[in-house]
Structures are given as structure tokens and as C-alpha cells.
Amino acid sequence: EPRHIKKEQPKRTSVTVNQYSKSSSELKKALKRLTNEYKRAQRSFKQNKITRQDLFDFEWRIFEIQEEIRRIENGEEDTLD
């Protein structure tokens with residue numbers, strides 16, 4: 001009788017409290033840095049040193065980080081599948 005080799009399936013585990021706080025705090029630090037960069041970018045935009053699109057890119061990255069923080073804090077899983 002052939003032995004069936006059970007293929008390991010990656011386990012979907014919930015994020016531990018430690019991982020949650022680490023991810024959340026790292027994202028909040030990144031958000032703070034990006035917000036400061038965005039303020040500088042706004043000044044550069046007013047001085048015509050960067051384009052409106054560059055400024056929009058900062059706004060979009062801020063939005064993405066805020067959404068990621070929200071998802072972590074609401075316990076939502078990343079659904080890329």
C-alpha cells in the first residue's frame with residue numbers, strides 16, 4: 001500500500017497580539033514620517049518644485065498606510081487571494 005504524503009498547507013493563523021502591536025506601531029511611525037514628508041512636499045509644490053501628481057502620490061501613500069492601520073486595528077485579514 002503506497003504511503004500518501006500529506007502536503008503541508010500554509011496555515012492561516014490570526015496575528016498574535018505582539019505582531020499586531022508591532023505592525024500597528026511600525027505603520028504609525030511610517031505614517032508620521034510620511035506626513036512630515038508630505039508637509040515638505042506641499043511647500044515644494046507651492047514653490048513649483050514638484051508636480052501636482054507628485055503631491056497626489058504622497059496623499060495616496062498616506063491613505064494606503066491609514067487603511068492598513070485601520071484593517072489591523074479592526075482585525076481584518078489581508079485578502080489578496
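From S25, atom OG reaches atom CD1 of I72 across 9.5 Å, with rounding to the nearest 0.5 Å. In this structure, CD1 in I50 is found 5.0 Å from CG in L55, a value given to the nearest 0.5 Å. To the nearest 0.5 angstrom, E37 atom CD is 9.0 Å from I62 atom CD1. In this structure, I65 CD1 and K29 NZ are separated by 13.5 Å, a value rounded to the nearest 0.5 Å.
Under the rule for a salt bridge (charged side-chain N to carboxylate O under 4.0 Å, His left out), the partners of R52 that lie at least two apart in sequence or sit in another chain are E59. Evaluation of the side chain to side chain contact (heavy atoms under 4.5 Å, CB included) rule for K49 yields S44, Q47 as partners, not counting sequence neighbours. Partners of E67 by salt bridge (charged side-chain N to carboxylate O under 4.0 Å, His left out), not counting sequence neighbours, listed by chain and number: R70. Every residue two or more places apart in sequence or in another chain that forms a side chain to side chain donor-acceptor pair (under 3.5 Å) with K28 is listed here: E73.
Using a 4.5 Å cut-off on side-chain heavy atoms (C-beta onward), R40 and R43 make contact.
Salt-bridge formation is detected for the pair E68/R71: a Lys NZ or Arg NE/NH1/NH2 atom is positioned less than 4.0 Å from an Asp or Glu carboxylate oxygen.
Pairs passing the ring-ring contact (aromatic ring centres under 6.0 Å, His included) check and including a residue from residues 30-61, sequence neighbours excluded, read W60-F63.
No donor-acceptor pair under 3.5 Å is formed between the side chain of N36 and the backbone N or O of R33.
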